[in-house]
Student: 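Let me begin by handing over the structure; questions about it come next.
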There are 2 protein chains.
Amino acid sequence: MTTPAPLLDRLRDRGWRVTPQRRAVAEVLTGEHVHVTADEVLERARTVIPEISLATVYNTLGELVAMGEVLEVRASRGPVRYDPNVHTAHHHLVCTECGKLLDVTPTGVENVGLSGAEAHGFVIDDVDVTFRGRCPDCA
Amino acid sequence: MTTPAPLLDRLRDRGWRVTPQRRAVAEVLTGEHVHVTADEVLERARTVIPEISLATVYNTLGELVAMGEVLEVRASRGPVRYDPNVHTAHHHLVCTECGKLLDVTPTGVENVGLSGAEAHGFVIDDVDVTFRGRCPDCA
DNA sequence: TTGAATGCAAAGTGTTTGCACGTGC
DNA sequence: GCACGTGCAAACACTTTGCATTCAA
């Protein structure tokens, strides 16, 4: 139905052992769902593999994050959200009241970076820009 | 020894009931300690009020955050850090390996903002910019 | 005096881990 | 076949909560 996840191919190439569970998690993330929690991934993966466990979901998500295929997004409260949209630069807008989370791509922030001296010797992997406020419903 | 916390005055003006515990927490945050955890605040506050409880520390920190006097900083793992430096615009640099946390004030990022349309009707309170990477020790 | 703040401990939430069993390569 | 992945449940780290007691104003 959806596109046949090139994600899985990439993972196999990296030596990933492809199991039904991992495939299910990858498929959930390949869909259009933008910011899912581990529980939501579990719930959706269960429609394909009813016996998949939360531990496996966490394991898999953790590996995907480590491989740079998925981004962790933490709002002020509540569980971590996983964002499979790593290939389009974007930032986040989060409601401190209800936790609503939106993508934003403000103009003029794309080139946020650190000069050599400012990096304090760090190897920078990524920059996370989060706008906090209250959404129309909560304000 | 340090400056006599105008923070407390500000809080009293806002109708805060000033208790020894709250004073102790405020004093910890008035010091030069940049990014403290709730436990560290407890530990330091105990040197003044040995019987202060963790619950009170959390209560007080939560109120200070709600009042905008303290900022919450969440690294990838571990407990929330509290940053009393709200009056100088700055961003954070965090090591994804060991959790080390540094302040940075990169040039050219000060005016990060959202245009009306981009805000999606949100009332923006603040912007949080976090650079993630590995520190010299971990890289 | 009196409502707000405190301390304690128990409950909660989200995530990680240990280990026996199962399975992709 | 064997190392790696899985499911389960218990452990875990951090934070919040309920309630009787204390105390700042």
Side-chain angles (χ1 to χ4, degrees), chain A residues 8-9 11-28 35-43 45-46 48-67 70-83 94 96-99 101, chain B residues 8-9 11-28 35-43 45-46 48-67 70-82 96-99 101:
Chain A
L8 273 178
D9 300 340
L11 297 177
R12 215 185 329 254
D13 291 349
R14 296 216 211 175
W16 238 38
R17 181 178 289 190
V18 176
T19 67
Q21 291 85 341
R22 288 177 168 180
R23 182 163 22 241
V25 170
E27 261 159 29
V28 167
H35 305 114
V36 279
T37 63
D39 269 323
E40 286 164 355
V41 173
L42 176 68
E43 186 189 322
R46 283 229 158 116
V48 184
I49 319 271
E51 62 277 13
I52 189 174
S53 76
L54 185 54
T56 295
V57 169
Y58 271 112
N59 284 343
T60 307
L61 288 173
E63 286 156 12
L64 289 170
V65 169
M67 289 177 175
V70 167
L71 238 44
E72 286 184 337
V73 186
R74 23 195 111 234
S76 306
R77 51 180 60 253
V80 173
R81 315 289 200 83
Y82 296 87
D83 182 351
V94 47
T96 48
E97 209 81 34
C98 69
L101 185 52
Chain B
L8 273 177
D9 300 339
L11 296 175
R12 213 185 330 254
D13 290 350
R14 296 216 212 175
W16 236 40
R17 181 179 289 193
V18 176
T19 66
Q21 290 86 340
R22 288 177 168 180
R23 180 162 23 239
V25 170
E27 259 157 30
V28 168
H35 305 113
V36 279
T37 64
D39 268 322
E40 286 164 355
V41 172
L42 176 67
E43 187 190 320
R46 283 229 158 116
V48 184
I49 318 272
E51 62 277 12
I52 189 173
S53 76
L54 185 54
T56 295
V57 170
Y58 272 111
N59 284 342
T60 307
L61 288 173
E63 284 156 15
L64 289 169
V65 169
M67 288 176 175
V70 167
L71 238 44
E72 287 184 338
V73 186
R74 18 195 115 235
S76 306
R77 51 182 60 251
V80 172
R81 315 289 200 85
Y82 296 86
T96 48
E97 210 82 33
C98 69
L101 186 52

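In what follows, chains are A, B, ... by sequence order, proteins preceding strands, each numbered from 1.
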Student: Counting only N and O atoms by type, is there a donor-acceptor contact under 3.5 Å from the side chain of A:R74 to the main-chain atoms of B:S76?
Tutor: yes
Student: Using side-chain hydrogen bond (donor to acceptor under 3.5 Å, both in side chains) as the criterion, list what pairs up with A:T96, not counting sequence neighbours.
Tutor: none
Student: Quick one: pull up CZ in B:R46 and CD in B:E43 and give me the separation to the nearest 0.5 Å.
Tutor: 9.5 Å
Student: Would you mind building the protein contact string for nucleotides 10-25 of chain D? One character per nucleotide, 5' to 3', B for base within reach (heavy atoms under 4.0 Å), S for sugar-phosphate only, - for untouched.
Tutor: ----SBBB------BS
Student: What is the distance, to the nearest angstrom, from the CD1 atom on A:I49 to the C1' atom on C:dG22?
Tutor: 14 Å
Student: Take A:R81 and A:E40, measure what side chain to side chain contact (heavy atoms under 4.5 Å, CB included) needs, and give me the verdict at the end.
Tutor: CA-CA 9 Å; A:R81 315 289 200 83; A:E40 286 164 355; 5.7 Å; no
Student: On the nucleotide C:dG7, are OP1 or OP2 found under 4.0 Å from the side-chain N or O atoms that B:T56 carries?
Tutor: yes
Student: Rounded to the Å, how far apart are A:R14 CZ and D:dG5 C1'?
Tutor: 19 Å
Student: Rounded to the nearest 0.5 Å, what separation is found between the CG atom of B:L101 and the NE2 atom of B:H35?
Tutor: 4.5 Å
Student: Taking for each residue the nucleotide of DNA chain D bearing the nearest heavy atom, is the 5' side occupied by A:R46 or by A:E63?
Tutor: A:E63
Student: Output the rounded distance in Å from CZ (B:R23) to P (C:dA5).
Tutor: 14 Å
Student: Check the distance between C:dA4's P and B:R22's CZ and give it to me in whole angstrom.
Tutor: 11 Å
Student: Once you round it to whole Å, what is the distance between C1' of C:dG22 and CD1 of A:I52?
Tutor: 15 Å
Student: Could you tell me whether a side-chain N or O of B:R14 sits under 3.5 Å from a main-chain N or O of B:M67, the two making a donor and an acceptor?
Tutor: yes
Student: Looking at C:dG24, I'd like to know if its phosphate oxygens (OP1 or OP2) sit under 4.0 Å from a side-chain N or O belonging to A:Q21.
Tutor: no
